[in-house]
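This report refers to the structure that appears directly beneath it.
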Number of protein chains: 2
Amino acid sequence: MTRRSTILEVARDAGVSKTSVSRYFGAERDRLSAALQSRIAASAKRLGYHPNQMARGLKGGRSRLIGMLVADIRNPFSVAVMHGVEQACRARGFSLMVCNTDNDPAQERDHLALLTAYRVEGLVINAAGQPSRELRSLADQGTPLVLLDRILSDFEADMVGLDNAQAIDMALAHLEERGYGELLFISEPPAQASSRQARLGRFRQQVAARGLAGETLCLPLEGGERQLDDAIAAFLVRRPRAPKAVLCANGNVTLAVTRVLQAQEARLGDVGLLGIDELEWCSLVAPGITTLAQPTDVIGRSAVDSLLQRLATADRRSPPRRIHYQAELIPRGSTRRRDTP
Amino acid sequence: MTRRSTILEVARDAGVSKTSVSRYFGAERDRLSAALQSRIAASAKRLGYHPNQMARGLKGGRSRLIGMLVADIRNPFSVAVMHGVEQACRARGFSLMVCNTDNDPAQERDHLALLTAYRVEGLVINAAGQPSRELRSLADQGTPLVLLDRILSDFEADMVGLDNAQAIDMALAHLEERGYGELLFISEPPAQASSRQARLGRFRQQVAARGLAGETLCLPLEGGERQLDDAIAAFLVRRPRAPKAVLCANGNVTLAVTRVLQAQEARLGDVGLLGIDELEWCSLVAPGITTLAQPTDVIGRSAVDSLLQRLATADRRSPPRRIHYQAELIPRGSTRRRDTP
DNA sequence: TTGTACGCGTTATCAT
DNA sequence: ATGATAACGCGTACAA
């Protein structure tokens with residue numbers, strides 16, 4: 001059990017000064033003579049030396065840490081974005097501290113305090129509705145922030161996410177083209193997240209604009225199963241004016257709705273189903289569920305880019321940028337009607 | 001943009017010494033008079049002071065950081081375990097640094113170096129086959145390690161995972177009871193992970209012991225699609241001696257196999273399907289896919305417990321503990337035959 | 001090209 | 001009960 005060695009020990013072992021060792025592991029390796037370099041390399045290797053990032057951070061004020069706040073780590077969308085975030089961080093020489101809040105404001109505050117304590121240099125945030133005091137404080141201290149998939153009321157920050165209007169338009173165009181005319185849009189409660197509001201609002205507006213019959217249903221997925229079941233049953237039973245379709249505001253909704261439709265033995269396609277968020281199993285549920293895929297990896301990388309750009313240019317306070325990416329439609333059987341061949 | 005304040009500023013503002021402020025935020029708050037406490041609290045709050053964890057770590061050698069290495073962050077099983085790990089960390093006052101290696105040994109080494117640099121106090125590892133030099137070095141320096149779901153050859157460390165033998169036995173018993181007698185076990189290449197070897201070996205042994213017809217197929221999921229397709233087709237076409245069933249060694253395999261079975265228009269149940277790892281969509285693919293669920297949350301928490309126990313008792317070097325949890329069978333339609341009512 | 005000396009923010013030790 | 005001071009490991013002026 002070798003104790004962890006310090007820069008001083010390496011210096012002694014190599015017969016050089018701390019400074020030289022520091023330079024060797026820092027950005028000034030070139031300034032060292034070849035002789036010194038190899039001696040230091042040898043000693044460091046033999047002693048298993050690794051610079052202490054804590055000490056580095058202390059000294060330079062640079063933790064090389066990016067923090068990420070995730071509302072629900074078990075949501076595949078979040079994980080996919082996180083994958084992109086992590087890649088981008090690594091590529092740019094940063095490490096990532098991921099915190100899952102389980103949609104709990106208290107956990108969110110705790111985690112923010114922690115990330116503050118570790119002096120993260122930037123923050124990628126996908127979390128609950130209202131900006132906490134901790135968050136404001138972080139922003140106030142000049143820590144670059146990026147909001148994922150949602151904006152916060154009364155809080156200025158960069159954000160990157162989906163072009164919700166385009167996504168809804170694309171969904172409606174597809175459903176219309178496939179002959180569905182009576183639509184039900186189902187979402188989790190929109191109060192929490194701006195993107196939910198955006199999708200909901202656009203749906204209402206465009207359904208009217210296109211002269212379709214459309215209604216909306218907002219309810220919590222946990223605890224609202226019964227209500228969801230009843231609502232869908234009522235929707236399906238009603239005397240049809242046109243073929244019916246359900247539009248799901250995100251992947252969780254798609255999952256819950258698919259469960260209900262199967263329980264009610266509805267035939268996908270005869271009743272249309274289109275979900276926002278592509279999930280690995282959507283192609284498996286016969287005859288395949290049509291989805292709108294988000295470019296998750298790009299979103300994640302873009303978030304980090306945004307962050308690091310603010311960091312590099314020391315540009316806080318310029319007006320927030322909002323980046324919206326286009327969804328991609330993946331047509332499958334759940335939006336192909338069989339009753340009218 | 002308020003600059004981040006330090007302990008010294010708080011001390012000055014409150015008219016006390018650094019030491020007292022340090023005590024207030026540390027474990028010795030009681031030793032301070034009520035008067036001092038309230039003055040410090042007020043100043044700290046007004047200045048938005050948070051102790052710098054970097055400095056703390058540097059001074060005390062305690063980073064309060066746990067590292068986690070994940071082979072594939074997009075694997076739901078990994079995420080589920082990670083959820084448990086994170087909960088346990090938080091509950092015990094630690095933060096978690098998660099690193100995804102995408103099954104790439106190079107990334108694994110990089111990440112280990114990073115985690116070393118941040119002086120993580122413990123490491124939860126779910127990663128590729130051979131222990132890298134970095135890993136050995138970490139272990140050698142006394143950092144507690146826990147292996148998740150796999151042991152490493154020629155490398156002693158605690159581990160927590162599934163009781164693979166029990167899982168396979170349970171699967172075979174279920175399939176046998178349901179009348180399947182000709183089995184195909186499909187796994188990703190076992191060289192990478194010990195748990196794959198354990199499942200594979202147990203399958204071979206028990207199939208023989210029970211007098212069943214069993215064969216095995218090992219292949220990489222990416223790039224091996226064609227081969228998988230052919231192998232399953234051959235298995236299905238063969239003249240049956242008994243009802244056939246496929247046993248999938250993990251969730252990824254289940255996904256791939258389900259795709260193939262659907263493409264070949266096999267009726268689930270008529271050809272049995274049982275997968276290790278419960279996934280949210282397994283109940284959705286008609287008539288439901290029978291699975292063996294791992295207690296992911298418990299596994300994650302248990303891993304952290306194991307770590308922290310080593311830490312607390314400063315007990316490195318006592319023989320490695322191995323903790324195995326039982327799988328739970330979730331029977332669904334994919335293992336219910338319809339041809340013999 | 002290489003080394004000396006100081007400070008980053010904190011906690012631990014020793015006084016008072 | 002409180003404070004002064006010395007480390008912790010490192011980077012960086014500055015000096016040589």
Side-chain angles (χ1 to χ4, degrees), chain A residues 3-41 43-44 47-65 93 113-114 116-121 141, chain B residues 3-41 43-44 47-65 93 113-114 116-121 141:
Chain A
R3 207 183 48 73
R4 214 159 314 220
S5 43
T6 75
I7 200 174
L8 188 59
E9 293 166 345
V10 176
R12 277 207 260 270
D13 186 88
V16 303
S17 76
K18 287 196 315 176
T19 311
S20 298
V21 180
S22 172
R23 287 195 173 118
Y24 180 82
F25 285 99
E28 309 180 81
R29 183 177 296 191
D30 314 327
R31 291 176 41 176
L32 268 36
S33 66
L36 266 207
Q37 289 197 31
S38 56
R39 270 156 63 202
I40 293 175
S43 297
L47 271 49
Y49 170 74
H50 287 271
N52 183 330
Q53 191 61 36
M54 295 276 157
R56 282 185 157 177
L58 221 209
K59 175 59 184 160
R62 313 225 26 192
S63 66
R64 307 301 293 180
L65 240 32
L114 268 171
T116 303
Y118 282 101
R119 298 296 188 264
V120 294
E121 299 186 46
Q141 287 166 356
Chain B
R3 206 182 50 71
R4 214 157 317 215
S5 44
T6 75
I7 202 174
L8 188 59
E9 293 166 344
V10 175
R12 277 208 259 270
D13 186 88
V16 301
S17 75
K18 292 195 306 178
T19 311
S20 297
V21 180
S22 172
R23 285 191 174 120
Y24 180 83
F25 285 99
E28 308 180 83
R29 184 177 296 190
D30 315 326
R31 292 175 40 178
L32 267 36
S33 68
L36 265 207
Q37 290 198 30
S38 56
R39 270 156 63 202
I40 293 176
S43 296
L47 272 50
Y49 169 75
H50 287 271
N52 184 330
Q53 193 61 37
M54 295 276 158
R56 282 185 157 175
L58 179 53
K59 176 59 184 160
R62 311 225 28 194
S63 65
R64 308 301 293 181
L65 239 33
L114 268 171
T116 303
Y118 282 100
R119 298 297 188 264
V120 293
E121 299 186 47
Q141 287 166 357

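A note on names: the letters A, B, ... follow the listed sequences, proteins ahead of strands, and every chain is numbered from 1.
Rounding to whole angstrom units, CD1 of residue B:Ile40 and P of D:dT2 are separated by 8 Å. Per the geometry, CD belonging to B:Glu9 stands 15 Å off C1' belonging to C:dG7, to the nearest Å. For the pair B:Arg4 CZ and C:dC8 P, the interatomic distance rounds to 16 Å; values are reported in whole Å. Rounded to whole Å, the distance from CG on B:Leu8 to P on D:dG3 is 13 Å.
Near DNA chain D, meaning a heavy atom under 4.0 Å from it, residues 17-35 of chain B has B:Ser17, B:Lys18, B:Thr19, B:Ser20, B:Arg23, B:Arg31, B:Leu32, B:Ser33 in order of number. A heavy-atom distance below 4.0 Å to DNA chain C is reached by these residues of residues 50-64 of chain A, ordered by number: A:Leu58, A:Lys59.
Remark: side-chain polar atoms of B:Glu121 are paired, donor with acceptor, to backbone N or O of B:Ser63 under 3.5 angstrom. Judged by distance alone, the side chain of B:Arg119 and the main-chain N or O of B:Thr116 form a donor-acceptor pair under 3.5 Å. Remark: the backbone N or O of A:Arg29 is paired with a side-chain donor or acceptor of A:Gln37 at under 3.5 angstrom. The closest donor-acceptor contact from the side chain of B:Gln141 to the backbone of A:Arg4 lies at 3.5 Å or more, if one exists at all.
No side-chain heavy atom of B:Val16 sits less than 4.5 Å from a side-chain heavy atom of B:Arg23. Contact annotation: the side chain of B:Tyr118 approaches that of A:Arg64 to within less than 4.5 Å [non-hydrogen atoms, C-beta and beyond].
Summary of the strand contacts: B:Val16 and B:Arg119 both lie near DNA chain D, and taking for each the nucleotide with the nearest heavy atom, the more 5' one is attributed to B:Val16.
Rounding to the nearest 0.5 Å gives a distance of 10.0 Å between CG of B:Leu8 and OH of B:Tyr49. A distance of 14.5 Å separates CG in A:Asn52 from NZ in A:Lys59, rounded to the nearest 0.5 Å. Annotation: the span from A:Leu65 atom CG to B:Met54 atom CE amounts to 5.0 Å, rounded to 0.5 Å. Between B:Arg62 atom CZ and B:Arg56 atom CZ the span is 11.5 Å, to the nearest 0.5 Å. With values rounded to the nearest 0.5 angstrom, A:Ser17 atom OG is found 8.0 Å from A:Ile40 atom CD1.
The rotation axes computed at either terminus of the helix from C:dT1-D:dA16 to C:dT16-D:dA1 lie 30° apart, taking five pairs at each end and rounding to 10 degrees.
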